[in-house]
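Excluded from the calculations below are hydrogen atoms, water molecules and symmetry mates; all remaining heavy atoms, backbone and side chain alike, are included. Reminder, nothing fancy here: chain letters follow the sequence lines and each chain counts from 1.
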Number of protein chains: 2
Amino acid sequence: MHVHIFMDKNCPRVNVSLLDEMIHNLPDANVITRISTTFQVLQSDTRLKILFLLAQKEMCVCELDCALDVTQSAISHSLRTLRQLDLVRVKKEGRFAVYHIADDHVKALIDLCKEHVTECSP
Amino acid sequence: MHVHIFMDKNCPRVNVSLLDEMIHNLPDANVITRISTTFQVLQSDTRLKILFLLAQKEMCVCELDCALDVTQSAISHSLRTLRQLDLVRVKKEGRFAVYHIADDHVKALIDLCKEHVTECSP
DNA sequence: TTTATATATGAATGCATGTTCATATATTCA
DNA sequence: TGAATATATGAACATGCATTCATATATAAA
């Protein structure tokens, strides 16, 4: 893992060895990227609504289609994105694709964020 | 608050009154939007690195500038965005603008997401 | 006051992403 | 087998955003 302090900037407050250690403590670049990708997926109203609905009960695509004011196509695209990050999972039931929240981390994440947002109201 | 079930879609699995209740249980539209905005801000590698650094110690802009391989301008823009959502806060110390994490929710959020990402490795 | 440093901001650009439309696949039912 | 329903996918368009460059403001040092 590369650690690189850009000392050409020459900030008088920098403690080089401390900063070096702090940079070492950063998650690996690929972990950072996966975290940001996850948050990126949680950044859409439609996908959030899907997650809040699925948190209550597993649902097939056409149920979601009844509940949300977007195209069925948009819902499928959203679900694929959520699936790719393992935020939701599918099981086939006859001709229906029934989606459910992947695990409790996901619920905890959105609940925590909801807390943050509703507590401080700027 | 409007609840609208789109029954023209006519999904055989829909239980109208249940779905109606589930839609009522959704957070208000503006809360959803604020949640998605928050996640949107957490979706950038640069801003995440800033948060992971600030989680270790408060830092001024030029310290961050030494630690990260992006422009000082980019860092300032990122910090403003983080500030606007109350994810970080500033205090002035002489000519330095010293930033720190706003509260523990924020730490908890990114830690939880890091957990999720590092546990399931697709 | 002049100079240097620290931070912020605006404009411009390039890239990514969400949605819709059109269409393809898959499953059930007649 | 054929028709209807359920879901997925691709292309296209429009929008939003992160970064950089250039520059402005603010604080300190000389």
Do side-chain atoms of A:Ser44 reach the backbone of A:Arg47 as a donor and acceptor pair under 3.5 angstrom?
yes
Are the side chain of B:His24 and the backbone N or O of B:Asp20 linked by a donor-acceptor pair below 3.5 Å?
yes
Might you work through the side chain to side chain contact (heavy atoms under 4.5 Å, CB included) test for A:Val90 and A:Val98, ending with a clear yes or no?
CA-CA 5 Å; A:Val90 216; A:Val98 180; 5.9 Å; no
What nucleic acid atoms does B:Ser78 come within less than 4.0 Å of, heavy atoms only: base, sugar-phosphate, or nothing?
sugar-phosphate
Ignoring backbone atoms, test whether A:Gln40 places a side-chain nitrogen or oxygen under 4.0 Å from the OP1 or OP2 oxygen of C:dT17.
yes
Can you tell me if the side-chain N/O atoms of B:Ser44 get under 4.0 Å from OP1 or OP2 in D:dA18?
no
Applying a 4.0 Å non-hydrogen cut-off, can you work out what A:Ala97 is touching in the nucleic acid: base, sugar-phosphate, or nothing?
sugar-phosphate
Under 4.0 Å, heavy atom to any atom of DNA chain D: which of residues 54-65 of chain A qualify?
A:Cys60, A:Val61, A:Cys62
For the residue pair A:Gln72 / A:Ser76, report whether a side-chain donor-acceptor contact shorter than 3.5 Å exists.
yes
If you assign each of B:Val98 and A:Asp69 to its closest nucleotide in DNA chain C, which residue comes earlier from the 5' end?
B:Val98
Using atom NZ of B:Lys49 as one end and atom C1' of D:dT19 as the other, report the distance to the nearest whole Å.
14 Å
Nearest whole Å is fine: how far is D:dA22 P from B:Gln72 CD?
14 Å
Between C1' on D:dA26 and CZ on B:Phe96, what's the gap in Å once rounded to a whole number?
13 Å
Does B:Arg13 count as lying over the ring of A:Phe96, i.e. NZ or CZ under 6.0 Å from the six-ring centre, within 45 degrees of the axis?
yes
Aromatic stack B:His77/D:dT19: centroid gap under 5.5 Å, interplanar angle under 30°
no
Just call it for B:Arg13: base, sugar-phosphate, or nothing, with non-hydrogen atoms closer than 4.0 Å on any strand.
nothing
Answer yes or no: does a side-chain N or O of B:Tyr99 lie under 4.0 Å from OP1 or OP2 of C:dA6?
no
At 10 degrees resolution, what angle do the end axes of the helix from C:dT1-D:dA30 to C:dA30-D:dT1 form when each is taken over five base pairs?
20°
Round to the nearest Å and state the distance from A:Asp45 atom CG to D:dG16 atom P.
13 Å
Phosphate OP1/OP2 of C:dG18 contacted by A:Arg47 side-chain N/O (<4.0 Å):
yes
Minimal non-hydrogen separation, A:Glu58 against A:Glu63, with atom names:
O-OE1, 4.3 Å
Is there a continuous path of hydrophobic side-chain contacts, each under 4.5 Å between heavy atoms, that joins B:Ile101 to A:Leu18?
yes
Parallel, tilted or perpendicular for B:Phe39 and A:Phe39, by the 30°/60° rule?
parallel
Between A:Met59 and A:Leu64, the two heavy atoms sitting closest are SD-CD2, 3.7 Å
Side-chain N,O (A:Arg83) to OP1/OP2 (D:dA8) below 4.0 Å
yes
Spacing of B:Arg80 atom CZ relative to D:dT19 atom C1', expressed in whole Å
14 Å
With a non-hydrogen cut-off below 4.0 angstrom, is A:Thr81 in contact with a base, only sugar-phosphate, or nothing?
nothing
Any B:Ser76 side-chain nitrogen or oxygen under 4.0 Å from OP1 or OP2 of C:dT7:
no
Atom-pair distance (CD1 on A:Ile50; P on C:dG18), nearest Å
12 Å
Passing option when B:Lys49 is tested against B:Val70, B:Leu68, B:Leu54 for side-chain contact (heavy atoms from CB on, under 4.5 Å)
B:Leu68
Give a yes or no on whether a salt bridge exists between A:Asp86 and A:Arg83, defined as a side-chain N under 4.0 angstrom from a carboxylate O.
no
Identify which nucleotide among D:dT20, C:dT20, D:dA8 has an atom closest to any side-chain atom of B:Ala74, counting heavy atoms from C-beta outward.
D:dT20
Spacing between B:Phe39 atom CZ and D:dG16 atom C1', to the nearest angstrom:
19 Å
Give a yes/no on whether any side-chain N or O of A:Thr46 is located under 4.0 angstrom from OP1 or OP2 of C:dT19.
yes
Taking CZ from B:Arg95 and C1' from C:dA4, how many angstroms apart are they, rounded to a whole number?
9 Å
Answer yes or no: does a side-chain N or O of A:Gln43 lie under 4.0 Å from OP1 or OP2 of C:dG18?
yes
